Amino acid sequence: MPDRDREFTVRVYSPNGIYHSVVLGINLTVDDLLSALRRRTWMNDSGWLVLRERGKERTLNTHEVPFDIICRRMTEAGYSWNDGLILLNGEHMSFLLKFVCCDPDLSISHRPFTSGLHGHRSQDNEIHLETFDYVDFTGRSLRTIPIVLHQHADQIISLKLTRNPMIDLPLDFLEACTQIRDLRLSNMSMRRIPAGLAAAKQLRRLDLASNYIKLKRLEEGRLHRIPELMSLYLQNNLLKDLPTSFAEFEFLATLNVSNNQLKVIPDVVTKIATLNDLDVSFNALETLPLNIGDLHALERFLCVGNMISEVPNTFCRLKGLEYVDCRRNRIVDLTVVMNLPRLKSLFADHNAIHLLDLSVGLSLTTVDVSHNEITRVIVSLPPFDSASLCLTMLDLSNASLTILGPGVLDKLTTLRVLKLQHNTLSYIPDTLGELAQLEALYCYDNRLIKLPDTIGKLARLKLVDAHNNNLREIPTTIWHCSALTNLNLSSNFVVTFPVPTIIPIQGEPVSSVNGHTVEVPEEYNHDHVILGHLYPPLSFSLEYLFISENKLSDSEGLQNIAFLRALLAINLSYNEIDNLPTGFFRGMPKLREVYLCGNEMPTLPAEDLGRLRGLHTLYLSGNKLTVLPMELSRLNQLVVIDVSNNDLRYNVNNHEFDWNWNYNRSLRYLNLSGNRRLAIRPGGRPAGISWSSHERQHTMNSLSSFVNLRRLRNLGLMDITITGSNLPDENDNRRIRSTASIVGGLGYGISDCLGREHALTMLDLVHEFPGHPNRALFAMFGNIGPPKALPPGISPNRHAKYLHDHFLDFFQNQMDHSHMLEGKHMAVDALRRSFLGLHQAMHNQLFTVMTRKTSAGSANSAPMVNVDPVTARGGCSGLVVYIEGRKLFSANVGTALGVISRKGQPLLVSKKHDPWNPEELRRIRKSEGWISPSGLVNDEVDVSRSFGYYHMLPVIHASPDIYEYDISDVDEFLIMGNRGLWDYVDFQMAVDIASTRNDPALVAQQLRDVAMSYGSIGNIMVMVIRLKDVHDKSIPHRPTLLGSGLEFPPMTHTLRMNHPVTDKNIRRVKSEIAPPTGHVALVFTDIKNSAHLWEVNPGMPAAIQLHNELMRRQLRICGGYESKSQGHMFLCSFPTVMAAVWFCLSMQVHLLYEHWPKEFLECEDGQPIEDSSGNLIARGMSVHMGIHCGAPLCVQNPVTFRMDYLGPVINRAALVSGLARGGQILCSAEVIREIKALVLETVPKTEFSRSQPPKAIDGVKQLGVVIKDIGNQKLEGLEAPEFLSAIYPFGLEGRHNLGPGGPRLTN
């Protein structure tokens, strides 16, 4: 906080723009300031002080303190006091606010608008209207009603005075408005209702939103005396209650009191008998009143973002209710709501529903209960003596469903859209085939092993999205889906596309795959007959097939796809394709998009591709291509081609046989990066070859030039050799990358796409600091796509371009002249001030103010908007990472995020600025902003912090969240991405993909490709930085110098994993080790009270899947082998003791913080437990473990082909585990001796110590280990006792004293 004894200099402007700097004590009031001005200036005694900010004005009371106002606004805008002194001194304060001293003798025509801040308009404020029925004076700086409106008051029907500094409306004016129906007075800083407002007897709609109105002032307004008022908007005020006089409204139908301070719905609301639309969202409601059922006329009810836990039974009396939005509450049961007879739409996501009873009313068409912890769904017949339903959309996504009972779908036969994504379903019941009206099925991100065969009965099905499952085959009946246009099966384990049944029109019947005889149907589409054979309907309906990251290989898996003749887009990336079958594309003449990334393809089917004249998008990155065929030059519509990270090495002069970019002048995206053998040198005519006229046209300019690609938006030339080539200049709509992939000693890679609109809206920034080899900066700025209303020809990335061009200089200046530091490291302050300072500077660049100075100093200026209105009201996200040695600093605003891959686990080093975030929501409300039910700030923007959006400052500001992080030896990669990535790929999946590769360019490429295959259609940007380079300088680098002419080694390609993994959750984790033999460590694990939990806890099915997934993931990370698992028990083996200890300790930590179902956390066995110091030591599933080592008999199981372990060693390990309590790890003496020797270093090393892996030892040291000796224990069936000890991760040793009887052990 600033020193309260300091003096403060403030600028006060006159109405004509002249300003005076006044030095005042910071405790002095507005009255003191005005007195000082009167002594120095022209001002008379009747002047007043106005605060202008956010495009509106407010007259200050004489007792207010300007200094306090400045401090409050700086805090709301994200500035610290020192930030303000550095960035907001002098004239820069007008960026936030401006003090204007007004003279009552000056009319509005003599008061030009001078702020030039958040609203921008003409300098001429004269009133010119042709008609007066609908008058819009929004943001015109009006203090009084213009005379011209007085003269035509009787003609006014609608009057908008939003964002004007009026404090009252004249009574005579309101009485003269005999026709007025609509009056809007929002965002006017009003603290009271205009005194004569009740005189507007004909008023139907009144908007008083976003003011400072409290209950007392609302009562004084006497609004109930407006006899015909039908709509009243009071959202975003300071109301804690409503006047009891509201009960006298006779026609009020709409009441919006959202974003206020209501703790209960005022009783008077339930007495407004005519109310049919009520919005009480974003208050502090915990309950609904019992008499809410008295609102018999209510049709719409919104209560989003409260803390309501129960819907009273009296809700059933709302027989006319049609729309309910109760999202983001704590409601457990919605049965009473769903049974309302006229209810059509119910939105109830983000609540606390466990059991969903789809007993619905006859009118209900839409139900959204996503993001609930639903573990079970049942359907009861409606209570109206009829089995007829009309439910068309059901959203059960992001729940905890492990099974969907067969008695559910067959009772929902009217469904058109079914959303089941983000659950843990293993199958969908065959009753899916009963949904004859179904058009869209979303079931991605489950654990589906197969799709039901009955899917072929769905004649209206248009879309199936089943990516990221465990599908191993596609039902043959999919060929019968005659309306299916979109099919996404990416990230599964499909080996082949099913065989279509092609029936000869004449001749012998054919047999289907299952052996049944198939005859020509009596009725069929004659357009489906080709050369006398009837093709299945899917051949002519499917337009988009995304089947990337499966197990398709060459002709065996691809030949059946060739029968899909209507395809517009096909994605076959990351399969096992070495070569495409000859003629594969021949039957797909309509293809527009082809994705073939990440295969092992050395060549392309040149002749087939040359026939795809409508092709405009071609992704070929991550293959083994050495040349591209000349046939690509025939594709005149080709807009995107990505051939990065291949082995291209051809000579550009060989243009007769090899493709050259100059033949495709429509290109907007061209990526050649990562082809380290590709050398681009000036072209010329090879000796002995004569030119034809056609060739001469293309070779007049060098074929090595890129300047002829005038539509180019993005050109990637990283890590290739370029000498003497002409590169186009960068501009607002073009990005050129031609640097090496090493910055500051760190390897990095970048991958992006322009999206469906082919617009450049994301820009990257990479910099290394000369003379400082251990410093580097990585940044990205922009949006996922251009604004929807952007006029043609306008650049969609003005904000991103400005930040890209100016951030480095601003940041370097802050680092070089750091003072008034607040953080431990100057980089923290430099990053924050760079974000804030550039936010200001960009505003000044977008909204230039022409200034004419006078002797006293003036700001007589007219704001000139340098951009179109859409850009002026727009903004962009930003993410900057600065690395200095082992220190990493990350700063972000918006939705661009960074995550670190640390030992296979994601560590977030940024924050998504989502308006739904509770902290952001409180900040927004404190800054006088509000959230609409759709989740938009002020019903306009979907982020809470961002660059730009100046008209919403300080509600939306650019103060970043900053993370300071020490890079450790176990940190692998930093992954940076925009929402085009993170909306489709979760953090764990990103880390898993990174863990399979060492090349950051290939990691970035695959992340982008996965996002595209999952449905991302906007701009995607991914940057990957290899943090291992910070501490491991032995990692080989492959630097590239432009024009160096260096020869580079061949591209290395990641070997395919051959182990038969069929679980999506471990498919990208490193391979399971070979079964250990010889001296091994054995681990038994078991779940506490598992049998009881299966019987009584509905959350157990989801919990067991989380447990099994975590076990198998950690086994691969720690280097273990799963010998067998049975229900709730696992037997695991490890080649070393320390690997086993690392596994057990890490499992106990991960189990503590797993996202368990709420039913599980609410039961006795899963409820959170704290120790005496308040530290969490138990939560969720409790697993006991035992570790013993020795040399068992190793025998392969002839059925499962897994290694079995037999003999005394395995028996002793089982007995040790059996003595452990939940959450405890018991160890034999041999295991403890190894821990003491290598971790605690208190005893000599053993004969096995040398073979212990350093990675496991480091992992145990980082987790910390606490040993609690138990003593000699008699093991059942064994003569000699075993000395046992319990081990715990550091911080969880409090578990040792859990339980009424202490350890469940006997001496």
Side-chain angles (χ1 to χ4, degrees), residues 472 493 1057-1063 1065-1067 1069-1087 1090 1104 1107-1144 1147 1183-1220 1225-1234 1246-1253 1256 1273-1282 1284:
R472 300 166 194 175
F493 299 91
M1057 297 182 293
N1058 295 318
H1059 55 92
V1061 174
T1062 56
D1063 186 347
N1065 294 302
I1066 58 174
R1067 70 179 300 164
V1069 186
K1070 64 180 181 180
S1071 303
E1072 185 181 42
I1073 64 171
T1077 56
H1079 188 275
V1080 301
L1082 297 171
V1083 174
F1084 274 94
T1085 75
D1086 197 0
I1087 299 172
S1090 58
I1104 195 68
H1107 165 269
N1108 294 350
E1109 175 187 330
L1110 185 58
M1111 287 284 294
R1112 294 185 172 111
R1113 173 181 290 276
Q1114 289 303 119
L1115 273 174
R1116 283 161 171 75
I1117 292 175
C1118 298
Y1121 175 80
E1122 179 185 343
S1123 174
K1124 64 179 65 175
S1125 61
Q1126 182 176 358
H1128 42 83
M1129 297 185 297
F1130 272 75
L1131 167 60
C1132 311
S1133 60
F1134 296 81
T1136 62
V1137 167
M1138 292 311 299
V1141 173
W1142 182 27
F1143 165 76
C1144 291
M1147 270 297 300
V1183 178
H1184 60 84
M1185 302 175 171
I1187 312 176
H1188 181 57
C1189 58
L1193 176 64
C1194 305
V1195 180
Q1196 187 182 53
N1197 188 305
V1199 177
T1200 65
F1201 302 103
R1202 309 291 293 179
M1203 184 66 73
D1204 271 349
Y1205 297 94
L1206 309 174
V1209 174
I1210 192 72
N1211 295 336
R1212 190 174 291 267
L1215 292 171
V1216 170
S1217 173
L1219 292 177
I1225 308 167
L1226 283 188
C1227 304
S1228 62
E1230 293 89 342
V1231 176
I1232 296 297
R1233 189 179 303 116
E1234 209 66 66
T1246 71
E1247 60 179 308
F1248 301 106
S1249 297
R1250 181 173 297 180
S1251 62
Q1252 305 297 323
Q1273 299 294 313
K1274 183 71 170 64
L1275 302 181
E1276 183 179 354
L1278 301 180
E1279 293 295 331
E1282 181 77 28
L1284 300 181

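Because the structure is a prediction, the values reported are computed rather than measured. What you see below is based on every heavy atom in this structure, not just the backbone, and it leaves out hydrogens, waters and symmetry mates.
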Does any part of the side chain of [Y], heavy atoms only, come nearer than 4.5 Å to the side chain of [X], both counted from C-beta?
X       : Y       : value
Ile1066 : Arg1116 : yes
Leu1115 : Phe1143 : yes
Gln1273 : Leu1219 : yes
Ile1104 : Ile1087 : yes
Pro1192 : Leu1206 : no

If you round to the nearest 0.5 Å, how far is [atom2] of [Y] from [atom1] of [X]?
X       : Y       : atom1 : atom2 : value
Glu1247 : Glu1234 : CD    : CD    : 9.0 Å
Ser1217 : Leu1131 : OG    : CG    : 10.0 Å
Leu1193 : Thr1077 : CG    : OG1   : 11.5 Å
Thr1136 : Arg1250 : OG1   : CZ    : 15.5 Å
Ile1117 : Lys1070 : CD1   : NZ    : 8.0 Å
Cys1118 : Met1147 : SG    : CE    : 9.5 Å

Heavy atoms only: give me the nearest [X]-[Y] pair and the separation to one decimal.
X       : Y       : result
Cys1194 : Pro1076 : SG-O, 4.2 Å
Ile1073 : Tyr1121 : O-CD1, 3.6 Å
Pro1075 : Met1203 : CB-CB, 3.6 Å
Ser1228 : Leu1284 : CA-CD2, 4.1 Å
Cys1144 : Ile1187 : SG-CD1, 3.6 Å
Met1185 : Thr1085 : CG-CG2, 3.8 Å

Main chain of [Y], side chain of [X]: is a donor-acceptor contact present, judged purely on distance under 3.5 Å?
X       : Y       : result
Ser1249 : Thr1246 : yes
His1184 : Gly1218 : no
Ser1125 : Phe1130 : no

Original post:
Got a salt bridge between Glu1230 and Arg1212, using NZ or NE/NH1/NH2 to carboxylate O under 4.0 Å?
Top reply: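 Here Glu1230 does not pair with Arg1212 in a salt bridge, since their nearest N and O are not under 4.0 Å apart.
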**OP:** Indicate yes or no: does Glu1122 engage Arg1112 in a salt bridge with an N to O separation below 4.0 Å.
**Re:**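 Salt bridge present between Glu1122 and Arg1112.
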**OP:** Using the side chain to side chain contact (heavy atoms under 4.5 Å, CB included) rule, take Phe1134 and Val1141 through it: C-alpha gap first, then chi angles, then the decisive distance, then the call.
**Re:** CA-CA 10 Å; Phe1134 296 81; Val1141 173; over 6 Å; no
Original post:
Just by distance, with hydrogens left out, do Ser1133 and Tyr1205 show a side-chain donor and acceptor under 3.5 Å apart?
Top reply: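 Their side chains do contain a donor-acceptor pair, which is all the 3.5 Å distance test asks for.
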Original post:
What's the verdict on side chain to side chain contact (heavy atoms under 4.5 Å, CB included) for His1107 and Val1183, showing C-alpha distance, side-chain angles and the deciding distance?
Top reply: CA-CA 9 Å; His1107 165 269; Val1183 178; 3.8 Å; yes
